[in-house]
Amino acid sequence: MYQKVSVLIIEDEKSIRDFISKTLSSSEYKVATAANGKDGMALITSSLPDLVLLDLGLPDMDGLEIIKKTREWSSLPIIVISARTQEKEKVHALDAGADDYITKPFGTNELLARIRTAIRHNNRLVDDGTNSNRPYSADGLTIDFEKRRVILEDKEIHLTRVEYKIVSLLAKNSGKVMTYDTLIDQVWGPYADDNNRILRVNMANIRRKIEANPGEPKYIFTELGVGYRMLEDEGLAGGY
Ligand code: CA
């Protein structure tokens with residue numbers, strides 16, 4: 001049985017709503033739209049979309065409220081559509097449970113890639129877990145989670161325990177942004193100092209070990225003011 005993946009767009013700006021809607025419809029997605037938060041919430045519960053694209057600045061409510069309410073009962077992927085100036089809002093949205101964000105203005109390819117990644121990750125979570133320990137592999141870098149080994153171009157890379165923990169978290173969420181706070185929480189625990197200096201120091205060391213040019217990383221990218229995003233696993237990039 002073939003069913004189209006359904007995407008709900010909650011966005012009050014008509015031009016953006018129409019652009020996304022057209023792009024997704026021509027890429028075999030089933031699309032529903034809402035121009036305000038109230039209609040959006042109603043559609044989330046009535047039509048159970050596979051993914052939501054959510055503008056944070058809605059006329060009748062803060063998009064953050066929609067994320068919080070939805071997360072009370074559902075893990076459906078939510079991608080936030082944000083303006084370049086909404087750095088803090090973006091981080092709050094991710095910490096409240098959004099899966100990723102896309103910054104206006106964005107192109108077709110970026111939009112489709114974000115959607116595919118979010119849906120794949122969600123499928124993997126819903127999966128029976130058999131794939132969760134499959135090695136990460138992208139562009140010459142391999143991470144074997146079972147043996148806790150990191151191989152770059154056939155050479156083993158020696159990471160400290162903390163460095164390995166950071167890299168493996170990013171690799172298991174490859175293609176998705178992870179906020180500084182999420183990483184700090186998961187590596188050092190919820191009571192750790194939320195100052196991200198120690199994370200940045202570790203990242204500098206990691207990059208020295210795995211990047212040919214740490215100033216222009218090809219594996220782990222900085223999302224300024226938000227967190228890090230690791231190059232998508234090639235084993236996942238092929239489709240879903
Ligand atoms: Ca808006």
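Everything quoted here is computed from the prediction, not taken from an experiment. In listed order, ligands and their atoms are each counted from 1.
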Results of side-chain hydrogen bond (donor to acceptor under 3.5 Å, both in side chains) for Thr108 - residues two or more places apart only: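 Applying side-chain hydrogen bond (donor to acceptor under 3.5 Å, both in side chains) to Thr108 gives none.
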Those residues that, when tested against Arg200, pass side-chain hydrogen bond (donor to acceptor under 3.5 Å, both in side chains) (two or more places apart): Asn196
Which donor-acceptor pairs under 3.5 Å do the side chains of residues 136-147 make with protein atoms, sequence neighbours left out?
{"unit_1": "Tyr136", "atom_1": "OH", "unit_2": "Leu231", "atom_2": "O", "d": "2.6"}
{"unit_1": "Asp144", "atom_1": "OD1", "unit_2": "Glu146", "atom_2": "N", "d": "3.0"}
{"unit_1": "Asp144", "atom_1": "OD1", "unit_2": "Lys147", "atom_2": "N", "d": "3.0"}

After noting the C-alpha distance and the side-chain angles of Ser27 and Arg116, does the key distance pass the side-chain hydrogen bond (donor to acceptor under 3.5 Å, both in side chains) rule? CA-CA 11 Å; Ser27 299; Arg116 278 195 302 266; over 6 Å; no
Please list, in chain and residue-number order, the protein N/O/S atoms closer than 3.0 Å to the Ca ion (ligand 1). Asp12 OD1, Asp55 OD2, Gly57 O
Could you tell me whether the side chains of Asp95 and Thr179 share a donor-acceptor contact shorter than 3.5 Å? yes
Closer than 3.5 angstrom, by distance alone: can the side chain of Thr182 be matched with the main-chain N or O of Met178 as a donor-acceptor pair? no
